[in-house]
Amino acid sequence: MAKVLTSREENYSQWYNDLVIKADLAENSAVRGSMVIKPYGYAIWEKMQAVLDQKFKDTGHQNAYFPLFIPKSFFSKEASHVAGFAKECAVVTHYRLKTDENGNIVVDEDAKLEEELIVRPTSETIIWDTYRKWIQSYRDLPLLINQWANVVRWEMRTRLFLRTAEFLWQEGHTAHATKDEAITEAETMLNVYSDFAENYMAMPVLKGTKSPNERFAGAIETYCIEALMQDGKALQAGTSHFLGQNFAKAFDVKYVTKENKQEYVWATSWGVSTRLMGALVMAHSDDNGLVLPPKLAPIQVVIVPIYRKPEELAAISEKVEGLIKDLKANDISVKFDDRDTHKPGFKFAEWELKGVPVRLAIGPRDLANGTVEVARRDTLEKEILQFEGISTKIKNLLEQIQINIYQKAYDFREQNTFVVDDWNDFKAKVEAGGFILAHWDGTEETEQKIKDETKATIRSIPIDGKMEEGKCIFSGNPSNQRVVFAKAY
RNA sequence: CGGGGUGUAGCGCAGUUGGUAGCGCACUUGACUGGGGGUCAAGAGGUCGCAUGUUCAAGUCAUGUCACUCCGACCA
């Protein structure tokens, strides 16, 4: 088979880029760092959105929408927040263009804004400014809001889906009467994310908290799910933040308790982005193309007819008509690829590249024998089965594939997770890739020094990690828990 | 922001000492083909990123400029 992708072994990074483009997920645009998400890629994102949106609603949240532009002054209200985002903000300074004496379109200097507007890198500030008006009493709490939006972070280096200047995401922003309730909310949403990652994306994730260095700007605690990619690098797949009363104080959001006392509100925020698309690609795909988990595949089953004459195609179409109806009735998305403009071999390769989990091929030979060829994308195995009753088998096969690719990713992570106690071993393991469980003395200095020497960062302090006395891998100082180190995206 | 690279057909690229603009894929038409990316034939498609300069003559040389891209720094 002719390869259109660079192999993972040859150049993993190139493989990823090739795959995103060749599988028609996205491409670079005329604007540096900003991508065009193509229909096939967007269809996957829509499936992700649909599942997540339902989960948010099931946990009591409502959707709303806040402005793209945020007055600059809002950012200065929360000190650490502005420090974290200032270096990557797009700023709107004018609101009008004009034609100059040479006929060129230029910015009209007369149309300078009194106060610059920031294109949101995240919406805490504009939302908390709004919440001040919405929250008066304990009766107004909790306030559980989510928004689906685009945000802009002017990153110096970008990669399709993994880090783009503009990206799509959802951001939840909640307000609570008590600290405990807010912490519970942050943990609940982390669980929503890990459930989604594992049961829909088929991607195992580690749940944990971030070290102070890696924490969200303005958060008291950042919870995260962290996944291991095939090249041994870690990818932060979602975060949920306990914000304490930082934003309530910055934006003066108080409520009156039952006892008629003024109290500041407690906050959380949480988000996942189109970066999940990058995670999905890297978690499962191979040198032949995408491997999509059935639960998120826009097309779950493709049927390729094999024929020479129109009469043969007609006979095949008639044969599969009932099957297509049956699959659709079971909420299985199916495409009958009867394009006459491409040959079967081309179609096989194309659907493989696009990661369709199950492919059926049916030709005159099958019509004569009452059979159908069934190929599964995850293992590339093919078998000839009886056409009769195939619908049930397909349903089961889709479930098996979902489980199999999760298991494969899980096994990979297990094989690439190492418990390390020796500094030289640590350096070697970091270089080779994978999750490294090691003791850390809890100081930012040590974390920074380890990063400087090895490029590894603390990805996660495991939530369910067992307590264990030990000595810091770097400083030798006492530690009571292992943390997860890795090189990260 | 530092260092490298690249701008030539839709995509990927070649283009020698300056002398009529080329290849592969894709595209169009036709025929044959059709169970893993078909074959043959004919065809269409270009102000060579932009500007200035040198020259009888510039894709090629010089200067400038813009864009993209890779590596690093940076990036919750």
Side-chain angles (χ1 to χ4, degrees), chain A residues 1-6 11 13-14 17-18 21-22 27-34 80-81 83-89 121-122 124 151-160 162-165 167 169 208-226 234-241 243 269-271 273 275 288-289 304-310 312-313 316 338-354 359-369 371-375 380 382 384 447 451-452 455 457-460 488-489:
Chain A
M1 184 190 309
K3 299 285 183 193
V4 295
L5 300 177
T6 304
N11 185 339
S13 180
Q14 186 68 46
N17 274 330
D18 284 359
I21 289 165
K22 304 276 185 183
E27 63 189 29
N28 280 311
S29 72
V31 182
R32 191 203 70 92
S34 299
S80 58
H81 190 67
F85 286 105
K87 282 182 286 184
E88 50 189 34
C89 285
T122 180
E124 274 79 5
V151 288
V152 169
R153 295 181 187 175
W154 212 266
E155 301 285 356
M156 296 191 206
R157 274 194 72 188
T158 58
R159 297 192 64 193
L160 293 168
L162 296 175
R163 175 170 286 113
T164 48
F167 56 93
W169 77 344
T209 58
K210 286 292 185 190
S211 65
N213 255 352
E214 300 279 326
R215 219 172 257 158
F216 177 74
I220 306 291
E221 184 76 277
T222 288
Y223 301 84
C224 61
I225 52 171
E226 206 74 24
L235 184 85
Q236 178 177 297
T239 49
S240 177
H241 315 290
L243 302 172
S269 69
W270 29 273
S273 71
R275 182 180 236 206
N288 295 316
V304 177
I306 294 160
Y307 63 96
R308 299 180 193 207
K309 304 166 201 157
E312 288 173 341
L313 175 60
I316 294 165
D338 60 352
R339 286 176 297 175
D340 195 39
T341 51
H342 296 278
K343 296 180 55 172
F346 181 93
K347 294 176 182 176
F348 291 168
E350 183 181 25
W351 294 119
E352 215 157 86
L353 185 59
K354 290 193 162 188
R359 183 189 71 228
L360 307 182
I362 183 162
R365 220 154 60 201
D366 298 295
L367 289 184
N369 300 336
T371 57
V372 59
E373 182 192 82
V374 180
L380 296 170
K382 291 189 284 196
I384 308 289
E447 183 179 8
K451 185 180 178 184
D452 293 343
K455 291 183 183 168
T457 50
I458 297 175
R459 303 318 306 156
S460 173
Y489 273 97

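Residue numbers start from 1 in every chain, and the chains themselves are labelled A, B, ... in the order their sequence lines are given, proteins ahead of strands.
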Q. To the side chain of A/Ala349, which of B/G36, B/U69, B/G34 is closest?
A. B/G36
Q.
Applying a 4.0 Å non-hydrogen cut-off, can you work out what A/Asp18 is touching in the nucleic acid: base, sugar-phosphate, or nothing?
A. nothing
Q: Between B/U17 and B/C70, how far apart are the C1' atoms? Round to whole Å, please.
A: 33 Å
Q: Side-chain contact test, heavy atoms from C-beta onward, threshold under 4.5 Å: evaluate it for A/Arg153 versus A/Arg163 and give yes or no.
A: no
Q.
For A/Thr6, give me all partners under side chain to side chain donor-acceptor pair (under 3.5 Å), at least two apart in sequence or on another chain.
A. A/Asp18
Q | Sequence-distant partners of A/Phe85, ring pair (Phe, Tyr, Trp, His ring centres under 6.0 Å), two or more places apart | A | A/His81, A/Phe216
Q | Under-3.5 Å donor-acceptor pair between A/Arg359 side chain and B/G36 base | A | yes
Q) Given the P atoms of B/G4 and B/G19, what is the spacing between them in whole Å? A) 30 Å
What's touching nucleotides 3-11 of chain B from the protein side, N or O pairs under 3.5 Å?
none

Q: Could you please name the partner base of B/G10, counting Watson-Crick and G-U wobble pairs only when both distances are under 3.5 Å?
A: B/C25
Q: Name the nucleic acid region contacted by A/Glu88, choosing base, sugar-phosphate or nothing; use a 4.0 angstrom heavy-atom cut-off, strictly under.
A: sugar-phosphate
Q.
Using a heavy-atom cut-off of 4.0 Å across all strands, would you classify A/Lys210 as base, sugar-phosphate, or nothing?
A. nothing
Q) Does A/Gln236 have any side chain to side chain donor-acceptor pair (under 3.5 Å) partners at least two apart in sequence or in another chain, and if so, which? A) A/Lys210
**Q.** Parallel, tilted or perpendicular: rings of A/His342 and A/Phe346 (30°, 60°)
**A.** parallel
(Q) Checking contacts here: which listed nucleotide (B/A76, B/A73, B/G35) is nearest the side-chain heavy atoms of A/Pro364? (A) B/G35
Q. Counting side-chain heavy atoms from CB outward, which of B/G34, B/C1, B/G35 is closest to A/Met156?
A. B/C1
**Q.** Inter-nucleotide C1' distance (B/G46, B/A41), Å rounded
**A.** 25 Å
(Q) I'd like the P distance from B/G2 over to B/A58, given in whole Å. (A) 35 Å
(Q) Minimum heavy-atom separation for A/Val372 and A/Ala361, please, with both atom names. (A) CG2-O, 3.5 Å
Q. Which nucleotide sits closest to the side chain of A/Lys87: B/G34, B/C75, B/G35?
A. B/C75
Q) Does B/A44 have a Watson-Crick or wobble partner in any strand here, with both distances under 3.5 angstrom, and which is it? A) none
(Q) Could you identify the nucleotide paired to B/C56, looking across every strand shown and requiring Watson-Crick or G-U wobble geometry with both distances under 3.5 Å? (A) B/G19
**Q.** Sugar-phosphate only, base, or nothing, as touched by A/Arg163 at under 4.0 Å among non-hydrogen atoms
**A.** base
Q | C1' spacing across the pair B/C56 / B/G18, given as an integer number of angstrom | A | 12 Å
(Q) Using the P atom as the point on both nucleotides, what is the distance between B/U60 and B/U6, in whole Å? (A) 15 Å
Q. Does B/A73 have a Watson-Crick or wobble mate here (both distances under 3.5 Å), and if so which one?
A. none
Q: Could I get the full list of salt bridge (Lys or Arg N to Asp or Glu O under 4.0 Å) partners for A/Arg275, not counting sequence neighbours?
A: none
Q: Answer with yes or no whether A/Lys382 presents, from its side chain, a donor or acceptor under 3.5 Å of a partner atom in the base of B/G36.
A: yes
(Q) Please pick, from B/C70, B/U69, B/A76, the nucleotide with the shortest atom-to-atom distance to any side-chain atom of A/Phe85. (A) B/A76
(Q) Closest approach to the side chain of A/Phe216, judged atom by atom: which nucleotide of B/A76, B/G38, B/C68 is it? (A) B/A76
(Q) Among residues at least two apart in sequence or on other chains, which ones pass ring pair (Phe, Tyr, Trp, His ring centres under 6.0 Å) with A/Trp270? (A) A/Phe56, A/His61
Q. Of the nucleotides B/A76, B/G35, B/C75, which has the atom closest to the A/Gln236 side chain?
A. B/A76
Q | Minimum-distance nucleotide (side-chain atoms of A/Arg32 versus B/G37, B/C68, B/G35) | A | B/C68
Q | Same-atom distance (P) from B/A57 to B/G3, integer angstrom | A | 37 Å
Q. When only distance counts, do a donor and an acceptor, one from the side chain of A/Glu350 and one from the base of B/G37, lie under 3.5 Å apart?
A. no
Q: Scan every strand shown for a Watson-Crick or G-U wobble partner of B/G5, both distances under 3.5 Å, and answer none if you come up empty.
A: B/C68
(Q) Is it the case that over 12 heavy atoms from other parts of the model lie below 6.0 angstrom from the CZ atom of A/Arg32? (A) yes
